[in-house]
Amino acid sequence: MGKNAENQALLHKKAHVETHILYGKGPVDVWEEKVFLEKNSCSHWINIRHPGAVAILPIDHKGNVLLVEQWRRGVGEITLEVPAGFIDPKEEPLAAAQRELQEETGYKAGRWMALGGCYTSPSLSNEYIHLFLALALEESILIAEDTHQIDKEWVSLSTALQLIEKGKITDAKTILLLLRYSRGKE
């Protein structure tokens, strides 16, 4: 770790922090923090506390990937991405991935492989997404509130990678999963 990063971490660990919840009705909470560092300096932070999430790359027996297309209010666009969702309280990441796959796609997987994870935006949120590969798929519909609002699209891995290059897939978790999977195939 670099010296500047170490110094900043040490300063922030010793700092006096005043926390105020701006919004706390779950599943995410928005917090305002006033961080008082040395020499009476104060910085203001808005943070999102997140329960964690999962993202799944479903692969069929031909090697095709299943993506979902849906309207995303946060960006005001239709996105093409992997199935994903929140981890419920006291739910393990794999159980959340199994549930989300069924809810969003109507499939369950006979084999699962963990592919690590990532923070989505560490300067703003503590959200950590657990990444999974879902194999040996079979139809198994699990109805959820938003299932009818999601379109499914099967594409080859090479097509999915081309969609990244063309800017048609812009979702970070989807890009990361597709690239990790494609690198494992090389």
Practice problem: Report yes if the side chains of Tyr23 and Lys25 come closer than 4.5 Å at any heavy-atom pair, otherwise no. | Solution: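 Side chain of Tyr23 against side chain of Lys25, heavy atoms only: contact under 4.5 Å found.
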Practice problem: Answer whether the closest heavy-atom distance between the side chains of Val30 and Asn47 falls below 4.5 Å. | Solution: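 No. Closest side-chain heavy atoms not under 4.5 Å.
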Quiz item: To the nearest 0.5 Å, how far apart are CD in Glu6 and NZ in Lys3?
Solution: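 The NZ atom of Lys3 is 5.5 Å from CD of Glu6, to the nearest 0.5 Å.
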Quiz prompt | For Asp29, all residues meeting side chain to side chain contact (heavy atoms under 4.5 Å, CB included), sequence neighbours excluded | solution =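 Side chain to side chain contact (heavy atoms under 4.5 Å, CB included) check on Asp29 returns Trp31, Arg49.
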Practice problem: Could you pull out all residues at least two apart from Lys34 that satisfy side chain to side chain contact (heavy atoms under 4.5 Å, CB included)? | Solution: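 Only Glu18, Phe36, Cys42, His44 meet the side chain to side chain contact (heavy atoms under 4.5 Å, CB included) criterion with Lys34.
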Practice problem: Measure the shortest side-chain to side-chain distance between Glu32 and Thr19 over non-hydrogen atoms and say whether it is less than 4.5 angstrom. | Solution: no
Quiz item: Looking only at heavy atoms, what is the nearest atom pair of Glu104 and Ala84, with distance?
Solution: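 Taking Glu104 first and Ala84 second, the nearest heavy atoms are OE2-O, 2.6 Å.
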Quiz prompt | Glu69: partners by side chain to side chain contact (heavy atoms under 4.5 Å, CB included), with sequence neighbours left out | solution =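 Testing Glu69 for side chain to side chain contact (heavy atoms under 4.5 Å, CB included), a comparison that skips the adjacent residues, returns Ile78, Leu80, Asp151.
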Practice problem: Could you state whether Leu57 and Leu135 fall into the same hydrophobic cluster, counting links through intermediate Ile, Leu, Val, Met, Phe, Trp or Tyr residues with side-chain heavy atoms under 4.5 angstrom apart? | Solution: yes
Quiz prompt | Leu37 and Lys14: CA distance, side-chain angles, deciding distance, side-chain contact (heavy atoms from CB on, under 4.5 Å) verdict | solution = CA-CA 8 Å; Leu37 300 169; Lys14 292 180 179 180; over 6 Å; no
Quiz item: Under the 3.5 angstrom rule, does the side chain of Ser182 hit a backbone N or O of Leu179 as a donor-acceptor pair?
Solution: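 Present.
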Quiz prompt | Pairing of Glu139 and Lys108 as salt bridge, 4.0 angstrom limit | solution = no
Exercise. Test side-chain contact (heavy atoms from CB on, under 4.5 Å) on Val54 and Ile129 and set out the steps.
Key: CA-CA 5 Å; Val54 294; Ile129 295 186; 5.6 Å; no
Practice problem: Indicate yes or no: at least one non-hydrogen side-chain atom of Tyr107 is less than 4.5 angstrom from one of Leu66. | Solution: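 When only atoms from C-beta onward are counted, Leu66 and Tyr107 do touch, with a gap below 4.5 Å.
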Quiz item: Between atom CD of Gln70 and atom OG1 of Thr79, what is the distance when rounded to the nearest 0.5 Å?
Solution: 5.5 Å
Exercise. Would you mind listing every ring-ring contact (aromatic ring centres under 6.0 Å, His included) that reaches into residues 61-83, with sequence neighbours excluded?
Key: none
Quiz item: Distance-only, no hydrogens or angles: does the Glu103 side chain make a donor-acceptor pair with backbone N or O of Glu100 under 3.5 Å?
Solution: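 Here the side-chain-to-backbone pair does not exist.
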Quiz prompt | In one Ile/Leu/Val/Met/Phe/Trp/Tyr side-chain cluster, 4.5 Å: Ile164, Leu131 | solution = yes
Self-check item: Derivation and outcome, side-chain contact (heavy atoms from CB on, under 4.5 Å), residues Gln98 and Leu94
Solution: CA-CA 6 Å; Gln98 292 166 334; Leu94 179 57; 3.8 Å; yes
Quiz item: So does Trp154 have more than 12 non-hydrogen atoms from other groups sitting under 6.0 Å from CH2?
Solution: yes
Quiz prompt | Same apolar cluster: Ile59 and Ile169, side chain cutoff 4.5 Å | solution = yes
Exercise. Could you tell me whether Glu81 and Arg72 make a salt bridge, using a distance below 4.0 angstrom between a side-chain N and a carboxylate O?
Key: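 Salt bridge present between Glu81 and Arg72.
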Self-check item: salt bridge (Lys or Arg N to Asp or Glu O under 4.0 Å) against Asp60, all qualifying residues, sequence neighbours excluded
Solution: none
Quiz item: Distance-only, no hydrogens or angles: does the Asp171 side chain make a donor-acceptor pair with backbone N or O of Thr174 under 3.5 Å?
Solution: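 Looks like yes, one N/O pair under 3.5 Å.
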Quiz item: Hey, is the main chain of Val155 close enough, under 3.5 Å, to the side chain of Thr159 for a donor-acceptor pair?
Solution: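 It does not hold such a pair.
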Self-check item: Donor-acceptor contact below 3.5 Å, side chain Ser156 vs main chain Asn64
Solution: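 No, because the side chain of Ser156 does not come within donor-acceptor range (under 3.5 Å) of the backbone of Asn64.
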Self-check item: Heavy-atom check, side chain of Val35 versus side chain of His16, under 4.5 Å
Solution: no
Practice problem: Just do the side-chain contact (heavy atoms from CB on, under 4.5 Å) check on Leu124 and Trp45 with the steps written out, would you? | Solution: CA-CA 8 Å; Leu124 176 66; Trp45 297 88; over 6 Å; no
Quiz item: Is there side-chain contact between Pro51 and Pro89, with heavy atoms separated by less than 4.5 Å?
Solution: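 Pro51 vs Pro89: side chains apart.
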Quiz prompt | Connected via hydrophobic side-chain network under 4.5 Å: Leu178 and Leu137 | solution = no
Solution key, residues 110-121 side-chain donor-acceptor pairs under 3.5 Å, sequence neighbours excluded:
from   : atom 1 : to     : atom 2 : distance (Å)
Trp112 : NE1    : Ala109 : O      : 3.4
Thr120 : OG1    : Glu127 : OE1    : 2.9

Self-check item: Close side-chain approach of Arg99 to Glu91, heavy-atom, < 4.5 Å
Solution: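 Yes; the side chains approach each other to less than 4.5 Å.
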Quiz prompt | Verify same cluster id: Val28, Tyr128 (apolar side-chain graph, 4.5 Å) | solution =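 Each belongs to a different hydrophobic cluster.
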Quiz item: Heavy atoms, side chains only, cut-off 4.5 Å: are Val82 and Ile56 in contact?
Solution: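 No, side chains not in contact.
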Self-check item: Residue Glu92 excluded, over 12 heavy atoms near CD under 6.0 Å
Solution: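 Check fails, neighbour count at 12 or below.
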